[in-house]
Structure formats: C-alpha cells, structure tokens
Amino acid sequence: MKARELLIATLGALVLSQPSPSFAQSINGKNLYTQRCAMCHGADIKGTGPLAKKSNPPTPDLTTAAFKKRLNDYPGVIVSSVILRPNGDLIPRTLRENGVKLAPHAWTVQDFRDLNKYMSDVIAKSR
C-alpha cells in the first residue's frame with residue numbers, strides 16, 4: 001500500500017510542478033513580443049523602443065483606448081494583420097533601414113493568440 005501512495009504522491013507533485021498551458025502561452029507571447037516587437041514598440045507597448053521614431057510613420061502607442069478596443073474586438077486579427085501585412089513592408093523596411101537583422105519566423109495561429117494575450121495583459125496593466 002505504501003508504494004501505491006508514494007506513486008500517487010509523486011504523480012501529484014509532477015502535475016503540480018508542470019507549468020499550466022496559460023503560463024506557457026504567456027511565456028511564448030512575451031518572448032515573441034520581446035524578440036520581434038519591443039525594438040519598435042518598447043517594453044511598455046507605448047511606442048518607446050529604440051526604433052520607434054525611426055519608422056515612417058512613427059511607431060504608435062498601443063495602449064490607447066482605440067487600439068485596446070480593436071485588440072479586444074478582433075483578438076489576434078489586428079496583431080496578425082500587421083505582422084503578415086501582404087501589401088506593405090513597413091516593418092521589414094524599418095528593420096532593414098536600421099541594420100536590424102531579424103530571422104524569419106514561421107508564425108502559427110497559437111503564436112498570434114499568445115502574442116495577443118500578452119499584449120492585452122500588458123495594456124490592461126498600463127492603464
């Protein structure tokens with residue numbers, strides 16, 4: 001009986017020690033933002049990154065009420081439409097003109113969801 005109790009206790013400890021899916025998604029969203037967005041939008045998402053004023057038009061503050069509403073109304077769509085912009089190259093051009101080499105990323109739907117969630121959380125805390 002003791003071996004069974006030990007096994008159950010060990011399995012319970014393993015389950016509790018595993019990060020929850022929301023934690024993993026939060027980490028993915030934060031990593032994507034930090035590596036791919038913060039250079040322009042800044043850690044605070046207010047358009048304060050080192051390349052913010054070097055883009056034309058300048059990088060916007062994403063904590064505004066208007067952007068927050070769009071992010072809530074169209075979760076993931078706003079972020080993905082900017083990143084995957086089919087008829088423009090504002091982001092690649094800004095990076096190229098400033099000598100920033102950013103490896104391509106094979107975006108997944110989950111990446112967009114995670115990034116959207118991370119940004120929404122940061123925006124909610126900034127107000």
Shortest non-hydrogen separation from [X] to [Y] and the atoms involved:
| X | Y | answer |
| --- | --- | --- |
| C40 | T94 | SG-CG2, 4.5 Å |
| L62 | M119 | CD1-CE, 3.6 Å |
| R36 | L102 | NH2-CG, 3.7 Å |
| P50 | A38 | CD-O, 4.2 Å |

Distance (rounded to the nearest 0.5 Å) between [X] [atom1] and [Y] [atom2]:
| X | Y | atom1 | atom2 | result |
| --- | --- | --- | --- | --- |
| Y118 | N31 | OH | CG | 9.5 Å |
| I27 | D114 | CD1 | CG | 10.5 Å |
| N116 | Q110 | CG | CD | 11.0 Å |
| H41 | S55 | NE2 | OG | 8.0 Å |
| K68 | I45 | NZ | CD1 | 11.5 Å |
| I123 | D44 | CD1 | CG | 10.5 Å |

pair M39-N98: side-chain heavy atoms closer than 4.5 Å: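 They are not in side-chain contact.
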L115 side chain reached by C37 side chain, heavy atoms, under 4.5 Å: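 When only atoms from C-beta onward are counted, L115 and C37 do touch, with a gap below 4.5 Å.
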Under 3.5 Å: donor-acceptor pair, side chain of D73, backbone of R70: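 A pair under 3.5 Å: no.
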Short side-chain to backbone donor-acceptor contact, T59 and G47, under 3.5 Å: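 It does not hold such a pair.
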Pairing of D121 and K125 as salt bridge, 4.0 angstrom limit: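 No, no charged N to carboxylate O under 4.0 Å.
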